[in-house]
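What follows is a set of notes on a single structure, which appears directly below.
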Amino acid sequence: MTTPTPLPIYDPAELEPRWRERWAVDGIYQVDNDDPREPYYFLTMLPYTSGDLHIGHWYAIAPSDAAARWHRMQGKQVLFPLGFDAFGLPAENAAIHNDTHPKQWTYQNVENMTSQLQTMGASFDWTREFATSDPEYYRWTQWWFLKLYEHGLAYRAAADCNFCPGCGTVLANEQVNRNADGIGVCERCESIVEAKQLEQWMFRTTAYADELLEFDGIDYPEPIKLMQRNWIGRSEGADISFPLGREAAGQDRITVFTTRPDTLFGCTFIVLAPEHPLVAELTTPERRAAVEAYVAQARRQNEIERQSSTGEKTGVFTGAYAQHPFSGDDIQIWIADYVLLSYGTGAVMGVPAHDERDFSFASERGIPIPVVIAPPDWDGDDLAEAYTGPGVMVNSGRFDGTDWETGKLTVADALAQRGLGGPTVSYRLRDWLISRQRYWGAPIPMIYCESCGIVPVPEGELPVLLPDDAEFLPTGASPLERHAGFVNVDCPQCGESARRETDTMDTFMCSNWYMYRYVDPHNHDAPIDPQLARQWLPIDTYTGGAEHAVMHLFYARFFAKAARDMGILEIDEPFARLFNQGTITKDGYKMSKSRGNVVNPDDWVGRFGADTVRLYLMFLGPWEAGGDWDDSGIQGQWRWLNRVWNLALRKVETSDGESDGTIRRATHTMIGKVSQDIERFRFNTMIAAMMEYTNELQSIRDRGPVDTTAWQEAITSLLLCLAPSAPHIAEELWHRLGHDRSIHEQRWPAYDESLAQAETVTVVVQVNGRLREKLELTPGTAQAAAEAAARATARVSDQLTGTTVRRVVWVPDKLLNFVAS
RNA sequence: GCCGAGGUGGCGGAAUGGUAGACGCGAUGGUCUCAAACACCAUUGGGCGCAAGCCCGUGCCGGUUCGAGUCCGGCCCUCGGUACCA
């Protein structure tokens with residue numbers, strides 16, 4: 001053993017700020033649009049300005065930074081920007097609690113979060129940062145709204161909201177609590193929340209329902225694609241109209257949507273959503289009291305609750321009847337809360353024999369259950385449960401004998417011929433309601449004029465500024481409505497006095513297009529320059545939490561398609577590749593102030609430095625699965641970085657000229673593993689591979705002299721592989737080893753597969769599938785030789801004694817299994 | 001309820017249908033130290049055995065296979081989303 005010379009101490013508190021300052025001065029992460037390198041746009045979801053940064057932000061950002069840095073080391077010019085999602089409800093809530101202003105609260109948070117984030121040493125191009133509440137930003141959010149309106153993708157319609165009669169305020173779903181009876185009450189004053197209809201702005205997302213089902217040419221996780229497809233919920237079926245024999249609410253029929261027109265002859269009742277427009281007029285006088293009570297009850301529940309009841313389905317009879325479109329039989333009309341007005345036509349036909357829910361609904365109420373699709377081996381008796389499988393139509397008039405699949409089409413066609421419906425496609429997806437009766441959001445740039453009607457604010461007058469002095473406390477009116485200076489405006493068309501729209505936009509509208517603004521953040525003439533858009537879009541990789549699977553990610557896809565069709569962007573999809581990280585927990589629970597399990601990154605950066613915290617977050621578990629923060633677990637990363645430090649700086653005994661295959665094999669095995677893992681976001685096994693490698697280098701060094709060239713390659717490779725994950729220590733060691741240029745401007749080490757080849761392979765020997773022996777064989781050993789070697793071992797021969805080998809399974813270089821009895 | 005994901009040692013986790021538990025934390029024992037901390041070394045799924053070794057073991061029940069943590073069917077539980085939290 002050599003006598004270890006005293007080494008400098010690894011001191012992250014000293015070296016980390018020093019390098020961050022140097023990187024900022026050198027501007028190595030700033031993107032230049034004229035750079036000849038291949039552009040790569042790596043984006044992580046913008047954080048909400050929620051106050052202090054907690055470890056969850058680091059969990060989202062640090063691995064993204066590592067991946068972005070890796071792409072940079074592949075020789076690309078990487079755009080890796082960050083900004084803040086700044087409008088929204090939490091700012092108003094916090095402002096009320098802390099007696100401050102949402103704007104002040106928000107920008108204070110932007111400042112805090114920016115400085116906390118900077119300690120991470122992430123490779124952001126900070127020159128592109130903005131908050132969505134900046135007037136220069138929301139000016140363009142408003143501009144996009146005008147474009148969508150111009151192209152018929154924004155329209156006004158009546159829509160429900162949660163209204164608290166006590167506060168006189170519209171509540172977010174989150175602000176509605178449930179009382180002991182399961183009734184929604186205001187979180188502040190506990191008044192019972194009412195459903196109130198308001199005229200609001202909608203975006204026509206359903207116009208893109210079919211295109212949004214397709215994910216061709218983009219790389220999304222399968223679960224996300226599934227969730228979005230299910231969210232759209234396309235089903236083919238038929239509309240079927242049941243004549244009423246009279247007029248009600250301007251209608252002479254009730255139209256239902258069904259995916260099973262083949263079962264039409266088994267329909268013995270119709271169920272309307274409680275809020276269906278026909279209910280009031282159809283209900284007979286003697287049923288009115290019961291129906292009205294039921295409607296009132298249903299209106300107090302939200303959709304999840306209405307669909308959640310596990311047991312008996314509730315419902316009431318309206319006393320009215322419609323006629324079956326073919327038989328003319330009277331069909332009872334019911335209302336039930338499990339039917340939603342927003343899906344299909346807000347009415348369903350009840351076919352108890354062939355639908356489980358209809359079966360229990362009818363059984364409990366003595367409604368007939370005629371069989372119209374014959375189950376296999378059906379004896380003609382009543383069914384004990386609904387039959388939903390395939391079969392042949394029976395009791396269906398002229399359709400008898402038709403196969404059910406064919407029947408779906410022929411019945412629908414026959415209905416179309418009679419003018420009583422026909423084939424149609426229904427979607428679960430609804431248009432997007434973007435109006436918010438709140439203060440802290442981007443004002444919707446519209447004006448209402450007595451004589452001209454709805455008039456858009458002229459583009460040149462944007463932004464419609466949010467007044468700082470508006471009342472945002474819950475006082476009984478929509479906040480901006482009470483601000484005379486905001487509301488009163490001259491009509492841009494006729495000049496007469498008019499009123500501004502006082503609703504603001506859903507914050508998901510702000511996050512619909514922020515990714516485009518980063519490309520050209522200081523443009524005063526357009527949201528984005530078309531040439532730069534062509535250069536940088538779509539986003540190459542997008543990362544963020546899977547909780548955004550269907551809302552943000554879905555809206556952003558809709559928006560990109562709309563922007564394309566409006567001729568503003570040339571992309572079909574915003575994100576070429578998507579990756580979702582999981583949630584970080586503490587003691588198994590999501591972090592929250594009330595639970596008191598919030599981990600503050602600053603504490604840990606203070607103790608171990610940013611690199612250790614970054615590594616620990618990446619090492620915790622697979623990124624997509626999330627992980628549980630353990631206060632003592634981080635020790636392991638700290639120890640490891642100290643080992644790397646010592647390994648890199650300690651002098652080794654060398655023996656020049658003698659090539660060391662062991663070192664090079666270890667080096668290239670590590671490079672191969674790390675390269676593969678970082679590309680697939682498998683940071684935990686990536687770090688494990690580097691740790692194993694470090695352990696191996698240590699033991700090789702401790703065994704005796706090492707080859708100089710191989711050792712140099714080993715240390716260099718380790719630092720380069722570590723650079724994306726632990727950028728500060730890698731940079732410091734890189735310079736201490738005599739390099740001048742930043743390690744972050746180096747190329748990723750090349751992997752040589754031939755050097756990584758092992759000299760021997762372990763072949764597992766099993767007897768009847770149980771492990772009995774392991775053989776070290778040269779790769780490519782033939783089965784006969786392996787078999788002989790295995791039989792020669794005591795363990796295997798003992799196991800085979802007294803048995804007959806029936807079969808031998810041979811997996812070359814892997815496994816030998818004797819199947820014996 | 002519906003849609004999606006997950007369940008493996010004391011803990012976080014690893015494992016193209018082929019050695020279950022890599023890597024790390026913790027724990028135990030040791031080295032160093034006046035002592036402690038740090039660091040380093042060793043052991044560490046459970047049971048039986050002096051040992052060689054044998055048996056059991058990846059939420060539960062069943063199936064496919066020479067072989068199942070992995071595939072199939074049925075359950076239980078946890079987490080995310082459910083359209084105004086973002």
Side-chain angles (χ1 to χ4, degrees), chain A residues 45-50 85 87-90 93 159 161-162 170-176 205 221-231 233 302-310 338 342 428-438 506-508 511 545-552 554-555 580 582-583 585 588-590 616 619-622 624-637 639-640 642-643 646 682 684-685 687-692 695 762-774 794-795 798 806-809 811 814-820:
Chain A
M45 286 178 194
L46 83 178
Y48 183 75
T49 51
S50 54
D85 188 17
F87 275 138
L89 183 65
N93 283 341
C161 60
N162 304 312
V170 174
L171 301 178
N173 289 340
E174 197 189 49
Q175 297 174 298
V176 179
T205 44
E222 284 306 321
I224 303 291
K225 291 194 230 175
L226 255 179
M227 278 189 271
Q228 291 200 3
R229 288 200 184 103
N230 292 333
W231 184 254
N302 66 26
E303 275 180 29
I304 294 173
E305 288 151 357
R306 282 170 57 166
Q307 306 252 291
S308 291
S309 54
T310 42
Y338 67 84
S342 56
R428 211 187 69 93
L429 180 68
R430 313 202 285 257
D431 279 341
W432 174 18
L433 179 121
I434 60 115
S435 293
R436 296 292 180 267
Q437 295 71 39
R438 290 218 194 89
D506 180 358
T507 54
F508 279 125
S511 54
E547 69 270 21
H548 294 294
V550 282
M551 302 199 65
H552 163 59
F554 188 79
Y555 293 140
N580 296 111
T583 314
T585 55
Y589 296 99
K590 202 169 173 176
Y616 182 55
F619 182 71
L620 273 180
E624 73 270 23
D628 196 64
W629 176 276
D630 175 8
D631 286 350
S632 59
I634 191 170
Q635 282 285 350
Q637 304 305 313
R639 286 179 196 144
W640 177 51
N642 276 282
R643 285 205 298 276
N646 294 331
R682 298 301 299 250
N684 56 332
T685 50
I687 291 169
M690 288 192 278
M691 288 177 140
E692 261 180 280
N695 294 343
T762 305
V763 173
V764 171
V765 184
Q766 297 180 338
V767 177
N768 290 327
R770 290 173 160 278
L771 174 74
R772 296 300 174 188
E773 192 55 88
K774 294 176 196 176
R795 287 182 71 188
D798 282 358
R806 309 278 173 196
R807 188 181 157 190
V808 179
V809 179
V811 183
K814 265 263 159 78
L815 170 138
L816 190 62
N817 185 13
F818 293 96
V819 183

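For clarity, every value in this text was computed on a predicted model and none was experimentally measured. Quick note on labels: first sequence line is chain A, next is B, and so on, each numbered from 1. Side chains included, hydrogens not; waters and symmetry mates left out as well; all remaining heavy atoms used.
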Item checked: N/O donor-acceptor pair, side chain A:Q175 with base B:C85, under 3.5 angstrom -> no
Next item on the list: Give one of base, sugar-phosphate or nothing for A:F508, where a contact means two heavy atoms less than 4.0 Å apart.
Entry: base
Checklist line | Distance in angstrom units between A:E773 CD and B:G18 P, rounded | finding: 21 Å
Check: What's the CD-P distance between A:Q635 and B:A37, to the nearest Å?
Finding: 13 Å
Margin query: Under 4.0 Å from OP1 or OP2 of B:C85: is there any side-chain N or O of A:R436 that close?
Written below: no
Note to self: I need the CG-P distance between A:N695 and B:A22, as an integer number of Å.
What the structure shows: 13 Å
Notebook entry, point to check: Any donor and acceptor pair, going by atom type alone, linking the side chain of A:R772 with main-chain N or O of A:R795 inside 3.5 Å?
Noted result: no
Item checked: Main-chain N/O of A:K814 paired to A:T762 side chain as donor or acceptor, under 3.5 Å -> no
Check: Across all strands, who's sitting opposite B:C50 as a Watson-Crick or G-U wobble pair, both distances under 3.5 Å?
Finding: none
Note to self: Need to verify one output field. Residue with the more 5' nearest nucleotide on RNA chain B, A:P47 or A:T685?
What the structure shows: A:T685
Check: Between atom CG in A:L89 and atom C1' in B:A86, what is the gap in whole Å?
Finding: 10 Å
Notebook entry, point to check: Taking the chi torsion of B:G74, is it syn (within 90° of 0) or anti (everything else)?
Noted result: anti
N/O contacts under 3.5 Å, protein versus nucleotides 65-67 of chain B?
unit_1, atom_1, unit_2, atom_2, d
B:C66, OP1, A:R807, NH1, 3.2
B:C66, O2, A:N817, ND2, 2.5

Check: Base, sugar-phosphate, or nothing: which does A:F619 touch, judged by heavy atoms less than 4.0 Å apart?
Finding: base
Check: Counting any heavy atom closer than 4.0 Å, what does A:M691 reach on the DNA or RNA strands: base, sugar-phosphate only, or nothing?
Finding: sugar-phosphate
Note to self: Students often get this wrong, so: under 4.0 angstrom with heavy atoms, is A:H548 touching a base, only sugar-phosphate, or nothing?
What the structure shows: base
Check: When all nucleic acid strands are considered with a 4.0 Å heavy-atom cut-off, which category describes A:I687: base, sugar-phosphate, or nothing?
Finding: nothing
Next item on the list: Provide, to the nearest angstrom, the distance between the CG atom belonging to A:N684 and the C1' atom belonging to B:G13.
Entry: 7 Å
Checklist line | Length of the line joining A:D630:CG and B:G10:P, which is rounded to integer Å | finding: 16 Å
Check: Could you state the CH2-P distance from A:W640 to B:C38, rounded to the nearest angstrom?
Finding: 21 Å
Next item on the list: Looking at every strand, decide which applies to A:N93 at a 4.0 Å heavy-atom threshold: base, sugar-phosphate, or nothing.
Entry: nothing
Checklist line | Length of the line joining A:N642:CG and B:G24:P, which is rounded to integer Å | finding: 15 Å
Check: Counting any heavy atom closer than 4.0 Å, what does A:R770 reach on the DNA or RNA strands: base, sugar-phosphate only, or nothing?
Finding: sugar-phosphate
